[in-house]
Amino acid sequence: ALCEAAFPPAAIEVTAQGNVLATTAFLHGLAGHELAPDELDAYDPRLLRDVLGRLAAGSDVVLVGRRTLEPERFGVMVFEGDRLVGIVEKPPRQAAPSDIAVVGVYGFSHAIWAALDATPDGPDDDAFERAYGRLIARGRAEWLPYDGPFASFKHPWDVLAIGDLL
């Protein structure tokens, strides 16, 4: 309610600009002509189209996931059969509920605003994750598999792993 008063959901559009590969290439001193045109794209239009299509079909949450050998570094998807039912943040490897990590591409219906408003602050910096967890618990969540390049960029040193993708 608080967010909706200041930012009416119908007036909000969120898009991605830039990409990690192009940013990392710049940090390493590569010139634009050293990258292929598709490597400079701001986002994968197929992926964005698929996320938006699932939202238009009635999902409240659409997450993009990828297999990982390091579940302890990511939010990991929890499934009942093929259905996404939750996320466990950075579980120990042996306790991970799956090997599908959330890769940082999120799609939300307007219900995310109410979920954020209803999520109290906590001792950790995880209000966003708890808010979309509420939406997943409602049962209108989906995930899309992704097998393209991916590296987490949470800490400054993560840029080194991203550089390895070049």
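Shown here for Ser109 and Leu55, the closest heavy-atom pair between the two residues is N-CD2, 3.7 Å. Here the closest heavy-atom approach between residue Thr119 and residue Arg134 is recorded as OG1-NE, 3.2 Å. Shortest non-hydrogen contact noted between Val88 and Pro97 is CG2-CG, 3.9 Å.
A 4.5 Å side-chain heavy-atom check between Leu144 and Val62 finds at least one atom pair inside the cut-off. With a 4.5 Å cut-off on side-chain heavy atoms, Arg130 and Pro120 count as touching. Between Ile112 and Leu135, some side-chain heavy-atom pair lies under the 4.5 Å cut-off. Val61 has its side chain out of reach of Glu142: every pair of non-hydrogen atoms, C-beta onward, lies at least 4.5 Å apart. The side-chain heavy atoms of Leu47 and Tyr146, taken from C-beta on, include a pair separated by under 4.5 Å. Looking at Leu63 and Ile136, their side chains come closer than 4.5 Å, going by heavy atoms from C-beta outward. For the pair Arg73 and Thr68, the minimum side-chain heavy-atom distance is 4.5 Å or more. Counting only heavy atoms from C-beta outward, the side chains of Met77 and Ile87 approach each other to under 4.5 Å.
Counted within 6.0 Å of CZ on Arg67, heavy atoms from surrounding residues, nucleotides or ligands total 12 or fewer; the atom is thus considered open.
Between atom CG of residue Asp124 and atom CD of residue Glu129 there is a gap of 10.0 Å, rounded to the nearest 0.5 Å. Atom CZ of Arg66 and atom CG of Asp147 lie 7.0 Å apart (nearest 0.5 Å). The line from CH2 of Trp143 to OG of Ser98 is 8.0 Å long, rounded to the nearest 0.5 Å.
Note: Phe128 and Tyr106 have perpendicular aromatic rings, judged against thresholds of 30 and 60 degrees for the angle between ring planes.
By the 4.0 Å N-to-carboxylate-O rule, Asp60 lies close enough to Arg138 to be salt-bridged with it. For Glu72 and Lys90, the salt-bridge test fails: no basic side-chain N is under 4.0 Å from an acidic carboxylate O.
Note: the hydrophobic cluster containing Val102 does not contain Val85 (ILVMFWY, side chain heavy atoms under 4.5 Å, direct or indirect links). Grouping the Ile, Leu, Val, Met, Phe, Trp and Tyr side chains by contacts below 4.5 angstrom, directly or via other members, places Val103 with Leu48.
No close placement of the Trp113 and Phe108 rings is indicated, their centers lying 6.0 Å or farther apart.
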